[in-house]
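Here the structure comes first, spelled out in structure tokens, and everything after it is commentary.
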Amino acid sequence: MNREKLKTVKRIVVKIGTSSLILANGQINLKNMDDLAFTLSSLRNEGYDIILVTSGAIGVGLNVLGLDKRPSEIAQQQALASIGQVELMSLYNHMFARYQQKVSQLLLTNDVIEYPESRQNASMSLQAILSMGIIPIINENDAVSVDEMDHKTKFGDNDRLGAIVTNLADADLLIMLSDIDGLYDKNPNIFDDAKLIDNVSEITETLMKAAGGAGSRFGTGGMTSKLEAAKLIFDTDKQMVLTNGARIREIRDIINGKKKGTYFGQ
Ligand SMILES: Nc1ncnc2c1ncn2[C@@H]1O[C@H](COP(=O)(O)OP(=O)(O)O)[C@@H](O)[C@H]1O
Ligand SMILES: N[C@@H](CCC(=O)OP(=O)(O)O)C(=O)O
């Protein structure tokens with residue numbers, strides 16, 4: 001367990017969850033989005049390769065249509081994601097442009113990553129975008145991804161997608177931004193005495209039991225899906241830091257090795 005390794009990272013994937021992009025009242029969290037655009041653009045200027053994995057298509061879709069909860073029908077959810085994704089990218093495009101940073105969009109499905117040829121193709125596309133100094137912004141292609149018996153196109157959730165992209169891009173570090181300071185030893189929604197864990201070197205059964213579901217009505221996987229993502233990170237010998245999306249500017253402290261959030265690494 002050594003945060004010293006964080007000081008040598010060159011390529012960083014940042015995953016931001018819906019809970020950091022949408023306020024409790026359903027409005028867009030412009031402060032977090034602007035902090036994200038500023039921080040990632042300045043890191044890019046300093047020479048880091050940056051990839052953003054974003055959630056929020058459905059949350060922003062609800063905002064655009066003035067709805068307060070997800071529809072239950074799949075086709076309705078997909079329509080919402082399709083509407084929200086355009087608005088989400090439009091917001092990012094404007095926010096990043098303020099800092100003279102160009103962005104691109106990549107919408108992925110699980111089958112693209114599973115098939116070696118399309119995976120290689122996605123990887124080459126990503127490399128080409130990065131070599132142009134552009135920040136690729138990645139989400140699942142929610143408008144078309146569904147799971148059928150023999151054709152699985154869904155990733156499950158964007159925490160998993162964040163870990164998959166870290167591997168696909170051969171990045172050194174995944175920064176997972178959520179609405180909480182890191183991983184606690186118990187679900188902090190239920191236990192007042194829950195303590196923040198500083199370092200995790202292995203995903204044990206005890207840790208999995210400590211992880212509960214989503215904290216907001218917009219988040220999906222909760223802490224369980226973040227730990228599943230951490231398992232993929234360990235499998236591929238990468239590092240991950242889980243931290244609060246309300247303090248995005250602390251990413252700089254994190255890559256300077258400071259004790260912020262929960263560090264997953266060996
Ligand atoms: N052991 C735990 N440590 C930290 N958070 C936990 C834990 N168990 C459950 N949670 C909940 O997981 C939530 C984060 O997951 P989620 O709502 O899916 O966020 P996001 O939209 O960022 O993916 C936290 O707000 C918290 O309420
Ligand atoms: N792809 C979906 C997000 C799915 C997801 O995992 O959401 P979250 O738990 O907020 O990271 C969307 O853009 O709405």
Side-chain angles (χ1 to χ4, degrees), residues 1 3-7 9 11-46 48 50-56 59-60 88 91-92 95-96 98-99 101 103 135 137 158-159 162-163 166 171-189 192 194-200 211-212 214-216 218-223 225-227 229-230 233 239-265:
M1 286 183 296
R3 286 196 188 226
E4 281 299 301
K5 254 166 82 186
L6 289 168
K7 294 184 184 164
V9 303
R11 182 168 288 184
I12 306 169
V13 176
V14 176
K15 183 265 168 178
I16 188 159
T18 311
S19 62
S20 302
L21 294 168
I22 306 288
L23 295 163
N25 66 6
Q27 296 297 329
I28 311 288
N29 192 329
L30 294 173
K31 182 199 171 284
N32 280 359
M33 284 192 91
D34 189 45
D35 280 354
L36 184 68
F38 169 76
T39 306
L40 300 193
S41 304
S42 57
L43 289 172
R44 176 59 232 144
N45 280 356
E46 289 161 32
Y48 292 95
I50 305 287
I51 299 166
L52 175 60
V53 173
T54 188
S55 299
V60 173
L88 181 64
L91 281 164
Y92 277 132
M95 300 258 181
F96 278 94
R98 252 184 100 186
Y99 304 107
Q101 178 61 53
V103 296
I135 296 182
I137 301 183
N158 273 11
D159 296 328
T166 305
D172 310 295
L173 169 67
L174 170 62
I175 294 190
M176 180 89 72
L177 299 171
S178 186
D179 60 350
I180 193 132
D181 288 352
L183 174 68
Y184 284 77
D185 60 353
K186 310 176 203 176
N187 186 340
N189 281 327
D192 287 342
K195 288 190 190 61
L196 186 67
I197 301 174
D198 172 32
N199 273 290
V200 173
S216 73
F218 297 113
T220 57
M223 205 43 57
S225 71
K226 288 173 201 351
L227 294 190
I233 290 292
Q239 309 172 78
M240 176 174 123
V241 176
L242 170 62
T243 190
N244 202 318
R247 289 195 294 280
I248 287 163
R249 292 182 187 223
E250 286 182 1
I251 291 181
R252 186 171 296 286
D253 294 335
I254 289 171
I255 55 180
N256 284 331
K258 296 227 171 80
K259 253 184 156 188
K260 306 266 176 188
T262 302
Y263 174 71
F264 296 79

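Quick note: residue numbers are just sequence positions, from 1.
- For Gln239 against Val9, the heavy-atom pair with the smallest separation is NE2-CG1, 3.8 Å.
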**Prompt:** Could you go step by step and tell me if Met33 and Leu88 meet the side chain to side chain contact (heavy atoms under 4.5 Å, CB included) rule?
**Reply:** CA-CA 10 Å; Met33 284 192 91; Leu88 181 64; 4.2 Å; yes

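- The main-chain N or O of Thr54 is found under 3.5 Å from a side-chain atom of Asn158 such that the two form a donor-acceptor pair.
- Between the side chain of Asp172 and the backbone N or O of Arg11, at least one donor-acceptor pair lies under 3.5 Å.
- Between the CG atom of Leu242 and the CG atom of Leu227 there is a distance of 8.5 Å, given to the nearest 0.5 Å.
- The CG atom of Asp34 lies 10.0 Å from the CZ atom of Phe96; values are rounded to the nearest 0.5 Å.
- Judged by distance alone, with hydrogens and angles left aside, the side-chain atoms of Thr262 form a donor-acceptor pair with the main-chain N or O of Ile197 at under 3.5 Å.
- Gly182 and Met223 get closest at one heavy-atom pair: O-CE, 4.4 Å.
- In terms of modelled atom types and a separation under 3.5 Å, the side chain of Arg3 and the main chain of Lys260 share a donor-acceptor contact.
- Side-chain N or O atoms of Ser42 include one that pairs as donor or acceptor with a backbone N or O of Thr39 at under 3.5 Å.
- You'll find the side chain of Ile28 reaches within 4.5 Å of the side chain of Ile22, heavy atoms only.
- For Asn32 (side chain) and Ser20 (main-chain N/O), a donor-acceptor pair under 3.5 Å exists by modelled atom type.
- Between Lys15 and Asp159, the closest heavy-atom pair is NZ-OD1, 2.7 Å.
- Here the closest non-hydrogen pair linking Pro188 and Ala194 is CA-CB, 3.9 Å.
- For Arg98, the CZ atom sits in a loose shell: 12 or fewer heavy atoms of surrounding residues, nucleotides or ligands are nearer than 6.0 Å.
- Put simply, CG on Asp181 and OG1 on Thr243 are 6.5 Å apart, with the number rounded to the nearest 0.5 Å.
- Nearest heavy atom pair, residue Asp198 against residue Lys259, reads OD2-CE, 2.9 Å.
- Asn189 and Tyr184 share no side-chain donor-acceptor pair at under 3.5 Å.
- Under the 3.5 Å distance criterion, the side-chain polar atoms of Asn256 are left unmatched by any main-chain donor or acceptor of Lys258.
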Notebook entry, point to check: Between Asp35 and Arg247, is a salt bridge (charged side-chain N to carboxylate O under 4.0 Å, His left out) present by the stated rule, with each step listed?
Noted result: CA-CA 8 Å; Asp35 280 354; Arg247 289 195 294 280; over 6 Å; no

Practice task
Would you sort out whether Leu43 and Glu46 count as a side chain to side chain contact (heavy atoms under 4.5 Å, CB included), showing the intermediate values?
Solution key: CA-CA 5 Å; Leu43 289 172; Glu46 289 161 32; 4.2 Å; yes

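- The two atoms that bring Phe264 and Leu183 nearest to each other are CZ-CD2, 4.2 Å, heavy atoms only.
- Ile255 contributes atom CD1, which lies 8.0 Å from atom CG of Leu173 (distance to the nearest 0.5 angstrom).
- You'll find the side chain of Ile248 stays beyond 4.5 Å of the side chain of Val14, heavy atoms only.
- Remark: Arg44 CZ to Ile135 CD1 distance equals 7.5 Å, nearest 0.5 Å.
- For the atom pair CD1 (Ile16) and CG (Leu21), the distance works out to 4.0 Å, reported to the nearest 0.5 Å.
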